[in-house]
Amino acid sequence: MSRDLDTLLKEKRIFKPSKILTDETNIKKWMETQDVHDYDELLERASENPEWFWNDLARELEWFKPYRKTFEWNPPHAKWFLEGKFNIIHNALDRHIKGPNREKIAYLWEGESGEVRSLTYIELYKEVNKFANVLRGFGVEKGDTVSIYLPMILELPIAMLACAKIGAIHSVVFSGFWAKAFKDRINDSGSKIAITADGFTRRGKIINLKENVDKIMDKTPSIEKLIVINHADLPVEMHSPTDVWWHEIMENSDTECKTEEMDSEDPLFILYTSGTTGKPKGVVHVHAGYAVGVYTTMKFVFDIQEEDVWWCAADIGWITGHSYIVYAPLLIGATSLIYEGTPDFPDPGRIWGMVEKYGVSVFYTAPTTVRMFMKFGEKWPEKYDLSSLRLLGSVGEPINPEAWIWYYNTIGKGKCPIMDTWWQTETGMHLITPLPISKLKPGSAVKPFPTVIADVVDDDGKSVVGGGGHLVIKSTWPSMFRTLYKDPDRYVEAYWSTFKNIYLSGDVARKDEDGYFWIQGREDDVLNVAGHRISTAEVESALVSHPGVAEAAVVGKPDEIKGEEICAFIVLKENYKLEENLKEALINHVRMEIGPIATPACVNWVSDLPKTRSGKIMRRVIKAKVKGYPVGDISTLANPEVVDEIDKLID
Ligand code: 6R9
């Protein structure tokens, strides 16, 4: 891959979408109704008059009671669609079954071993109602939280949608995390109900979810019921009276259920994400603003049309799945594909075969997946007919121009524009992204979505053009997170205090002379491993919880495919030696504490960590060494000799 480094650095091509494509897009048609002539005019008018833009889109959804005011922005707090009565489920399901989408397929599902399932809108509506009635029967009320820990099976969106239907707040935990994460999140949110499955297969290997959950259940005092889905037919132990089978409680449940009328600003879900400390942040999203935001981006960025087959190949346990597998596709009435397994299993043709089989027309994945398939070679996608594709998307990390070009040529056959969408758990929807009418520069996320004001600033908050700086957002947007669960001070402190009342994204970016944004990555102690956010502090605390480890520092090591890998430096307690078996034990220990996504790629033993005279670990020294940057000023370092030690380890 590196032989192409020169080409990518010189990559200055601009890709213009074809006129036929742009003329037929949702955005172009909408602009015509509003007398907007081009992309620049759209962005200008929208940022001058966000009410105009959002009111027109909000009108496409149904309200139990119309809102009185589009938004109120008292930074850092925003309210949207004030005094409106709304429920995202009324718009994602209820209204479709009264119209032409009733018999349309909402979800196509394929399991890793090839089994298939599908649900039409009316079938999904009934399943959601049945489960909503079950939850009500267990005493779940508006405002209660429900904790969900499921693989990529249809019961996951069903459970989430059922919560939203009755006004409960779902908190989904990625099934690739170890059950300890589930325990912490249950206890943080005080859920009475937890939902899991017996297990699932990953690369043909069985993952026993229920067995793991059993190990934490006695440490979750709030749980009254554990609902278990029989997905993989694994032998499980059911504990009375807490554990109940999903299929048994669903059997006689009513297929009609009244949708709760919510206030626009009522919470919809909590999703935990990594921050700079070891304690994950519970990001809170609300019903109406979130719905309008994700619906609009689905319509204008991914340009979903009646006949499209949409595939967002993310996990529902992350925000990308919440927004663009569960809510946005249903709000717009699309047919989506959900795949349970690994993209290259049993061979690297798997996902391309699925594109052909289901006629996928819009496909959304992460750069790490694109780079992995580049490595497998063109022979795999070439085996399949990918001509159904018309638009591609990228998310989760910066896409290097070389991967962009490969995705564009080999997968999109030079005819599918790539929507490189920059956004975060906190933003809920795309904030910096091309539209299908934008000119594209490979590697750039292009410009802010209409109405969004983004900038790149220096440490004093002054705009920088050309050079790198902090990526900030200076406006509000409808699907903005409203707070951090039970931690309103951290909401202000972590995001809105560095530059008063301006949203600090935690990313470094560059804005070029055309106003195009080039996202460079995180600037804080959050790693991005294969598109997953992992805090170095979480991995460090997992390491030091091992009896042999005295101290640990974790940094990201650049990796061609995953973007970054976890690289740990540890100081051992007396009587411990870093032999192969201890190294393995430590790696396993982190996997068990957090989950397989946090598996360290390397564990290095050092006699001490670089520290200031006051005893603070100077991570930036290790970071610079691992990334091959100059270490800079180390005059405050109390133990400069360890820098040589680290040097030797890296060579
Ligand atoms: C949606 C999602 C957010 C972080 C974000 C940034 C990185 C996401 C990106 C991107 C460059 C893109 N990121 N999209 N970097 N280009 N198109 O991934 O949310 O899991 O919260 O991660 O991901 O670093 O700050 P989340």
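Computed over heavy atoms, backbone and side chain alike; hydrogens, waters and symmetry mates excluded. We count ligands from 1, going down the list as the structure has it; atoms in each ligand are counted the same way.
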ask   = Which distance, rounded to the nearest 0.5 Å, do you find between the CZ of F481 and the NZ of K281?
value =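 Atom-to-atom, F481:CZ and K281:NZ are 7.5 Å apart.
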query = Got a second to check how far T536's OG1 is from L543's CG, nearest 0.5 Å?
reply =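 Atom-to-atom, T536:OG1 and L543:CG are 11.0 Å apart.
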ask   = So, is the end of the R185 side chain (NZ or CZ) under 6.0 Å from the ring centre of Y485 and within 45° of the ring's axis?
value =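 No, a cation-pi geometry is absent between R185 and Y485.
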ask   = For the side chain to side chain contact (heavy atoms under 4.5 Å, CB included) test, which of F302, F300, W477 pairs with H430?
value =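 For H430, the side chain to side chain contact (heavy atoms under 4.5 Å, CB included) test succeeds with only one of F302, F300, W477, which is F302.
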request  = Using a cut-off of 6.0 Å, state whether more than 12 heavy atoms not belonging to K441 lie near its atom NZ.
outcome  =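 Result for NZ/K441: enclosed.
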inquiry  = A quick test of your reading: do over 12 heavy atoms of other residues, nucleotides or ligands sit less than 6.0 Å from NZ of K557?
reply    =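 No.
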query = Considering only heavy atoms, which protein residues lie less than 4.0 Å from any atom of ligand 1?
reply =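 Correct list: I319, T320, V395, G396, E397, P398, D420, T421, W422, W423, Q424, T425, D507, I519, R522, N528, R533.
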